[in-house]
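First up is the structure itself, then whatever we jot down about it.
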Amino acid sequence: MLNTNSNQLITALYCRLSQEDEREGESNSIKNQKLMLQKYADDHSFHNCEFYVDDGYSGANFNRPAYKKMMDDIYDGKVGTVIVKDQSRLGRDYLQTGMLMEITFPQYDVRFIAVNDGVDSLNGDNDFSGIKNYFNDFYARDTSRKIRAVQRSKGERGERVGSTIAYGYMKNPDNPKEIIPNPETAPVVKRIFEMYSQGIGIRNICRIFEEEKILSPAVYGFKTKGSHAGFPDLDRPYHWAQTSIRNMLSNRIYVGDTVNFKTYTKSNKLKKKLINPPEKVLIFENTHEAIIDRKTYDLVQKHFEGRKRPDKLGEIDKYAGYLYCGDCGKRMYLHRGRKKPGGYYQSRYFQCAGYQARLTDCSAHYIRECVMDEIVLHQLKEMIALAAKNPKAFYELATEKGKAEAKKSYASAEKDKKRIHKRIKELDKVIRCLYEDRVIGRITPERYDALAADYEDEQRSLKEKLSEIEQQINQADVQEQYIQEFVKRAKDYLEIKELTPEIMRAFIQRIDIYDTGTAAANKTIVIRYTFQLDK
């Protein structure tokens, strides 16, 4: 028997509005729903009314805070009546909504009323309730398909499709579709990359930020925008999660790129996000202002690829991501022997991953870390001294030819580029004139086809050559920039005494170890510096 007249039980007035419902107009607004339900309750003498409101939640999603609270009250026997504007407010999944109306509510003696649909469980079953639930479900699926199509179209154009703005950025006040660095948080992001590049581990970065009382991203978002993204812990506002730092360090948004479709969901009812395969992810470069330069970002990614966990002292292998087996191309990883009293390891050495995992027929390429430090530091000091004290000799070594010859080659390439551009424009005019002659009958169609084909072949060949020259010029520009950066840094590092992650990042791109025997003397170490272009 339904408890319809008990003044002690709650009359739950449930309101829900999603972004899609909001587009239908003011009639669906939370304000109007509340007014309608309150008037209905007053007119029909319902007592002890309590509103449960979910604003901005889809009807296909039953993980809504107010809905869950209402259901908890129902399970606790506190609710006698549930009133909604229509059945779609309760939900748009016809199976779950139908189960609520036909099983859950009757089981807990809850009267259900959908005002606009003319449904009142006190009057018995409504034959059209199931049909309405089905059409509500169909509406949700159809809306989901349309939204997915719009989002797909935006994402393929390179527009940002995510609703959350990454920490460090904010909406451009002049153009909400654009994002710009946030003057408050962008310096924090920059500092994270700098600290990690200098060898400070993620755990230590979190500790330093907590000591300096820097608000965590989730708490900052809550205090500035009221956002609940990231589950802000207001009791620990300065607690930084290691995953937050890790995700920032691998997020391409900070170099100015937009990455769309990293995740997907199977349907509008399954909210779990799945990782898309790389071939389905779309990347658009230089879509907004960068916070981190691309070179620093690439070096951090290289470090991630080769890193091992910090040891008990919080140290990360400084060679991680730089050291490779020269014979099989696999990475070489740091191994630590038994630990001595005081926390220091008895032996630290590198070994080829291909040999270790039996992925190749390679040898161990065993080399101790102290030997690596000695050899690399010696070679790096020589290169830095040459760059700082004799830039001319360094330039010849870096470019494999003299600076004067390099300038001459560059000037020649620029001259060829202008000549080819001029000829391509001439051919455009010639082909246009030929076409006009064909149209007015000065030459036959056959003659036009033969001449046009020859000119188009020449134009195609010139464009290919132009592309090669432009690539050659771009490489020369990039190498010139890298050489100048190396020389500039070298003047600040003339007196280096030990290798650090910061020095590795500044000067070294890659190190290959070739093995001709077990002794260190039988190892050939080839260092590729940052001024050298990839081959």
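Residue numbers start at 1 and run along the sequence shown.
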Could I get the full list of side chain to side chain donor-acceptor pair (under 3.5 Å) partners for N251, not counting sequence neighbours?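 N251: no side chain to side chain donor-acceptor pair (under 3.5 Å) contacts found.
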
Taking every non-hydrogen atom, the tightest pair across [X] and [Y]:
{"X": "Q38", "Y": "F51", "value": "OE1-CE1, 3.4 Å"}
{"X": "L17", "Y": "S29", "value": "CD2-CA, 4.2 Å"}
{"X": "I179", "Y": "I165", "value": "CG2-CG2, 4.3 Å"}
{"X": "I30", "Y": "C15", "value": "CD1-CB, 4.0 Å"}
{"X": "Q87", "Y": "F112", "value": "CG-CE2, 4.4 Å"}
{"X": "K190", "Y": "I292", "value": "CA-CD1, 3.6 Å"}

Does any non-hydrogen side-chain atom of [Y] lie less than 4.5 Å from one of [X]?
{"X": "I214", "Y": "R191", "value": "yes"}
{"X": "F105", "Y": "L90", "value": "yes"}
{"X": "V188", "Y": "Y167", "value": "yes"}
{"X": "I113", "Y": "H44", "value": "no"}
{"X": "Y254", "Y": "L249", "value": "no"}
{"X": "Q351", "Y": "Y333", "value": "no"}
{"X": "N61", "Y": "R16", "value": "no"}
{"X": "M195", "Y": "I208", "value": "yes"}

Once you round to the nearest 0.5 Å, how far does [atom1] of [X] lie from [atom2] of [Y]?
{"X": "I83", "Y": "F46", "atom1": "CD1", "atom2": "CZ", "answer": "4.5 Å"}
{"X": "I508", "Y": "L499", "atom1": "CD1", "atom2": "CG", "answer": "6.5 Å"}
{"X": "R489", "Y": "E485", "atom1": "CZ", "atom2": "CD", "answer": "5.0 Å"}
{"X": "L100", "Y": "D93", "atom1": "CG", "atom2": "CG", "answer": "9.5 Å"}
{"X": "S88", "Y": "D117", "atom1": "OG", "atom2": "CG", "answer": "7.0 Å"}
{"X": "Q301", "Y": "T296", "atom1": "CD", "atom2": "OG1", "answer": "11.0 Å"}

Would you confirm whether [X], through its side chain, and [Y], through its main-chain N or O, come within 3.5 Å as a donor-acceptor pair?
{"X": "S467", "Y": "K463", "result": "no"}
{"X": "T11", "Y": "C49", "result": "no"}
{"X": "D86", "Y": "R89", "result": "yes"}
{"X": "D257", "Y": "N286", "result": "yes"}
{"X": "Y169", "Y": "I253", "result": "yes"}
{"X": "H365", "Y": "Y324", "result": "no"}
{"X": "N172", "Y": "E178", "result": "no"}

- request: Could you walk me through whether W240 and I205 pass side-chain contact (heavy atoms from CB on, under 4.5 Å), step by step?
  value: CA-CA 9 Å; W240 282 69; I205 293 174; over 6 Å; no

| message | Looking at R203, I want to see if its CZ is surrounded by more than 12 non-hydrogen atoms of other residues, nucleotides or ligands under 6.0 Å. | response | no

Q: Answer yes or no: are there more than 12 heavy-atom neighbours, outside Y355 itself, under 6.0 Å from its atom OH?
A: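 Atom OH in Y355 is not packed in, count stays at 12 or less.
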
Item to check | No-hydrogen, no-angle side-chain donor-acceptor test under 3.5 Å, D54 and Y14 | outcome: yes

### Message
Pairing donors with acceptors under 3.5 angstrom, does anything connect the side chains of Y322 and R510?
### Response
no

Between K39 and the options L35, D43, D42, the side chain to side chain contact (heavy atoms under 4.5 Å, CB included) test singles out D43

Handout entry: Axial cation check for F62 ring with R64, 6.0 Å and 45° limits
Key = yes

message: I'd like to know if E464 pairs up with R460 as an ion pair, taking the criterion as any Lys NZ or Arg NE/NH1/NH2 lying under 4.0 Å from an Asp or Glu carboxylate oxygen.
response: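 Looking at E464 and R460, the cut-off is not met.
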
>> As a quick check of understanding, evaluate side-chain contact (heavy atoms from CB on, under 4.5 Å) for S216 and D233, giving each step before the final call.
In response: CA-CA 9 Å; S216 69; D233 186 350; over 6 Å; no

Check: residues 69-79 side-chain donor-acceptor pairs under 3.5 Å, at least two apart:
{"residue": "D73", "atom": "OD2", "partner": "Y52", "partner atom": "OH", "Å": "2.7"}

Q. Hey, mind stepping through Q8 and N48 against side-chain contact (heavy atoms from CB on, under 4.5 Å) and telling me if it holds?
A. CA-CA 7 Å; Q8 287 74 38; N48 197 17; 5.9 Å; no

query: side-chain contact (heavy atoms from CB on, under 4.5 Å) between K85 and K34: does it pass, once the steps are laid out?
result: CA-CA 9 Å; K85 174 178 173 281; K34 292 175 80 170; over 6 Å; no

